[in-house]
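In what follows, chains carry the letters A, B, and so on, assigned in the order in which the sequence lines appear, proteins first and then strands, with residues in each chain numbered from 1. None of the values given here were measured: they were computed from a predicted structure.
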Amino acid sequence: MPRQYIHTAIDFPNAAPHMGHVMEKVLADVMARWFRLRGDEVRLHVGADENGIKIQQTAEALGMTPQELVDRNSPLFEQLFRRLNISFDTFIRTSDPKRHWPTVVALWNRLKEGGFLEKRTYAGLYCTGCERFVTEKDLVDGLCPDHRQRPEAVKEENWFFLLSRKQDAMKKLLHPKTGTYKMVPSWRGNEVLSFLEGGLEDVSFSRSKETLSWGVPVPDEPDQVMYVWCDNLTSYLSSLGFFTDHEMREWWDDAEITDVIGKDIARFHAINWPAMLQCAGVKTPERLLIHGFITSDGQKMSKTLGNVVVPSDVLDRYGVDPLRFYLSHEIPVGNDGDFSWKRFGELYDAKLRNQLGNLLNRALVLLKKEGGEMKLGAAAQAFSPDSWGRYVKAMNDFDYSVAIQEAFSVVAASNQGFNDAAVWTIADKATKIETLSAFAEILRHVALMLLPFMPETAQRMSRQLNVPYVDQMLDRSFVLTDEMKDWGSQKEWKRVGEPEILFPPVECK
RNA sequence: CGCGGGGUGGAGCAGCCCGGUAGCUCGCGAGGCUCAUAACCUCGAGGUCGGAGGUUCAAAUCCUCCCCCCGCAACCA
């Protein structure tokens, strides 16, 4: 049984979670759920990137300690992910000295022992107002735009990771044809590859404690704190207890590893991370799934524009599955996407209420009127067996929007078939029951297709249909068998349950 | 010539890799049905597929050049 280790980027909790965080987690969760359904063993990891200068600064501005800030914000992420039914196994917080730091320190030591770390003088411009290094291009007329002062030229001793040595190795690893680390979708990888062609430079791996105090201390160097790379990325290992006495190596060494991350940090995950792993003698991941960004009504979300969409507002209004549906249906994997309340409402009505909910309702109500007994006859199945083939291929190819649209094209075709057959006018009771049963059977298949995307909805549909496996379908061990995908395979399924409204109308905002 | 993405009926998008009736959602017009959450179905109006060349029997789809929009351009996650 293949083993799958999926991890998302860990999130930066200097503010409350936004729609972009949600998109990434839903994407990873759809993948995790699909892998489980097809029979793989799955571990899904998420977390919070709590260290760094920005957290330090934000905390200061709010008059709290960094620890207080992350203790306040990180749970917001975790709670949101739970509410979204993200089936994660671990939530790592990088300020956790017990779960996270030992792995980080061990990795650091390995890199150092391998001769991949080197102490150098880092020269840069330091703005005392920002309390951080700034670059030339940040400056306006040579001054810090925020503090209107000239940054000082500062030199400090830092550790560097010798990434430049790994250029050829990374080219080989990421080679579109022969490399073992695949970037999905491939066009997202192009940017990374061309960047790689430009040549790699060594990366700064630590800061002086005066510059950065909130982070993982460098072993044996009291005045140095690790800079983001060694700390943040390593959470993917620390969640498995790597390099400790409770490490779960099988989830790395004997697993297919997928990173789910945004286009902005693709480069670091595609290059820096596998380079670090190679240098530490650890296997590199198999797949990098790169998603785009989400805009709000076509514009970049920004507090100044006041167009930030708060995920919990959507959840309060529409519930979990409609949001999961919207993101999966509207945004092809890798593409940028847009969130708009208008579009959300339209899609909710058109697809979820009018097409899906209505089909389920009209079929069940009529069947109930005939007594609720199921009987699948020789009546032509209105469900093309190719649908499963197309669906499975799309799911395996990470074309999730294509897959969910396949499910909805089955629904649309069924509504049409329902009218064409004028089911409600069929006089012969046996024929009527057989015809309606066929629609119930179609909906059983549709619910299974929707299961990775809208788990609760899939179960509610199946509950109304009263299919035999309804109570197991949200279990992690629930596997989609070939038998389940066969027409009329549920011999124990004798009668349907009570019809209910699947998606109620939601008032316009 | 820095890199990548995009430019498709009123709006938002898919199709482009593997050329061959231009598809989806919403909106609009007409009709059908009345089982169903005033939902469902059918038909219709509306597009020189950014522009110009080229390849081809045939191009939204391949090639070349140009224009416009967005992101990135390295330590900022």
Side-chain angles (χ1 to χ4, degrees), chain A residues 9-14 49 51-55 122 124 130 132-135 137-138 158 160-161 163 185-205 207 227-229 231-233 261-268 271-272 292-293 295 297-300 329-332 334-338 340 342-343 345-347 349-370 399 401-402 405 408-409 411-426 432 436 439 499-506:
Chain A
I10 56 175
D11 300 305
F12 203 58
N14 68 338
D49 176 21
N51 298 325
I53 297 163
K54 275 195 182 158
I55 294 285
Y122 179 80
C130 305
R132 68 181 182 99
F133 284 95
V134 294
T135 57
K137 67 177 167 58
D138 292 332
N158 288 151
F160 275 74
F161 172 56
L163 181 63
S186 57
W187 54 267
R188 276 279 178 217
N190 292 344
E191 201 163 337
V192 172
L193 292 172
S194 66
F195 174 78
L196 197 48
E197 286 300 321
L200 296 177
E201 287 178 20
D202 298 333
V203 297
S204 163
F205 243 41
R207 287 291 147 90
Y227 193 54
V228 61
W229 310 121
D231 168 13
N232 167 320
L233 297 166
I261 50 100
K263 63 179 182 179
D264 54 335
I265 52 175
R267 203 159 62 211
F268 308 111
I271 299 171
N272 298 28
F293 282 170
T295 53
D297 281 319
Q299 288 184 304
K300 205 168 171 175
H329 184 274
E330 282 301 280
I331 307 174
N335 287 23
D336 288 340
D338 188 52
S340 96
K342 182 169 177 288
R343 176 75 180 150
E346 284 173 0
L347 217 59
D349 285 340
K351 295 286 180 179
L352 297 181
R353 282 196 331 117
N354 299 348
Q355 284 189 34
L356 179 64
N358 186 42
L359 178 66
L360 179 70
N361 204 235
R362 66 200 301 210
L364 286 185
V365 166
L366 280 184
L367 205 45
K368 268 292 178 190
K369 281 185 187 166
E370 301 302 325
D399 285 333
S401 61
V402 172
Q405 282 169 34
F408 275 85
S409 73
V411 172
S414 300
N415 270 319
Q416 187 182 331
F418 208 95
N419 281 40
D420 290 348
V423 183
W424 57 94
T425 63
I426 297 173
K432 196 170 185 176
L436 286 165
F439 283 101
E500 281 168 21
I501 299 296
L502 200 57
F503 294 101
V506 172

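Of the listed nucleotides (B/G32, B/C26, B/C72), B/C26 has the atom at the smallest distance from the side chain of A/A350. Which of B/C76, B/A14, B/A36 sits closest to the side chain of A/R207 comes down to B/C76. Distance from the side chain of A/V228 is smallest to B/A77 among B/C76, B/A39, B/A77. Closest to the side chain of A/R267, out of B/U25, B/A73, B/A77, is B/A73. The side chain of A/F12 lies closest to B/A77 when the candidates are B/U34, B/A77, B/A14. Ranking B/C33, B/A77, B/U42 by closeness to the A/Q416 side chain, first place goes to B/U42. The side chain of A/N358 has B/C40 as its nearest neighbour among B/C75, B/C40, B/A73. The listed nucleotides are B/U37, B/C35, B/A74; the one nearest the side chain of A/L502 is B/U37. Comparing B/A36, B/C76, B/U34 by their closest approach to the side chain of A/W424 singles out B/U34. Taking only side-chain atoms of A/E346, from C-beta outward, the nucleotide of B/C26, B/A36, B/U34 with the closest atom is B/C26.
Within the 4.0 angstrom heavy-atom criterion, only backbone atoms of the sugar-phosphate kind lie near A/K369; the bases stay farther away. Residue contacts shown for A/D202 include a base, since a base heavy atom lies under 4.0 Å away. Note on A/V423: nothing from the nucleic acid sits closer than 4.0 angstrom, heavy atoms only. As judged by a 4.0 angstrom heavy-atom cut-off over every strand, A/N232 is placed among residues touching the sugar-phosphate backbone only. Heavy atoms of A/F293 sit nowhere under 4.0 angstrom from any nucleic acid atom. Heavy atoms of A/N14 sit nowhere under 4.0 angstrom from any nucleic acid atom.
Ring pair A/F161/A/F205 is parallel by interplanar angle, where below 30° counts as parallel and above 60° as perpendicular.
Following rounding to the nearest Å, A/H329 (NE2) and B/C26 (P) show an atom-to-atom distance of 10 Å. The separation between A/E330 atom CD and B/C26 atom P is 11 Å, rounded to whole Å. Between A/D420 atom CG and B/C35 atom P the separation is 17 Å, expressed in whole Å. Separating the CZ atom of A/F418 from the P atom of B/C41 is a distance of 12 Å, rounded to the nearest angstrom. Separating the NZ atom of A/K351 from the C1' atom of B/U37 is a distance of 17 Å, rounded to the nearest angstrom. Distance, A/D336 CG to B/G5 P: 12 Å, rounded to whole Å. One atom, CZ of A/F268, and another, C1' of B/C72, lie 11 Å apart when rounded to the nearest Å. Taking atom CD1 on A/I53 and atom P on B/A77, their separation rounds to 7 Å, with Å as the unit.
Each of A/N419 and A/I265 was matched to the nucleotide of RNA chain B holding its nearest heavy atom; the match closer to the 5' end belongs to A/N419. Mapping A/Q355 and A/P504 onto RNA chain B by nearest heavy atom places A/Q355 closer to the 5' end of the strand.
B/C69 and B/G32: their C1' atoms are spaced 45 Å apart (whole Å). Spacing of C1' atoms, B/C57 relative to B/U64, comes out at 22 Å, to the nearest Å. Nucleotides B/C18 and B/C62 have their P atoms positioned 9 Å apart, rounded to a whole Å. Separation of the P atoms belonging to B/G23 and B/A30 is 24 Å when rounded to the nearest angstrom. Distance check on atom C1': B/G2 versus B/G10 gives 38 Å, rounded to whole Å. A gap of 31 Å separates the C1' atoms of B/G12 and B/A58, to the nearest Å. One C1' atom belongs to B/A60, the other to B/G19, and the distance between them is 10 Å to the nearest Å. To the nearest whole angstrom, the two C1' atoms, one in B/C35 and one in B/C17, are 45 Å apart.
Of the nucleotides present, B/G2 is the one that pairs with B/C72 by Watson-Crick or G-U wobble criteria, both distances under 3.5 Å. Pairing of B/G27, defined by two Watson-Crick or G-U wobble distances under 3.5 Å, is not identified with any nucleotide. Pair check for B/A38 finds none; no Watson-Crick or G-U wobble contact set falls under 3.5 Å. Using the Watson-Crick or G-U wobble rule with both distances under 3.5 Å, B/G47 pairs with nothing in any strand shown. Judged by Watson-Crick or G-U wobble contacts below 3.5 Å, the nucleotide B/A22 has no partner.
Residue A/A9 comes nearest to A/I265 through the heavy atom pair CB-CD1, 3.7 Å, listed as atom of the first residue, atom of the second, then distance.
Between A/R362 and A/W424 the shortest side-chain heavy-atom distance falls below 4.5 Å. Put simply, the side chain of A/K368 does not reach to within 4.5 Å of the side chain of A/L364, judged on heavy atoms. A/V228 is not listed as a side-chain neighbour of A/F268, based on a closest heavy-atom distance of 4.5 Å or more. With contacts defined as side-chain heavy-atom distances shorter than 4.5 Å, the pair A/R207/A/N158 qualifies.
How far CD1 of A/I55 is from CG of A/D49: 7.5 Å, rounded to the nearest 0.5 Å. Going from atom CG of A/L359 over to atom CG of A/N415 covers 4.5 Å, rounded to the nearest 0.5 Å. For the atom pair CG of A/L163 and CH2 of A/W229, the computed distance is 10.5 Å after rounding to the nearest 0.5 Å.
Counting distance only, with no hydrogens placed and no angle test, the side-chain atoms of A/W229 and the base atoms of B/C75 include a donor-acceptor pair under 3.5 Å. Judged by distance alone with a 3.5 Å cut-off, a donor-acceptor contact links the side chain of A/R343 to the base of B/U25.
Listed pair A/N335 / B/A14 meets the phosphate criterion, a side-chain N or O lying under 4.0 Å from OP1 or OP2.
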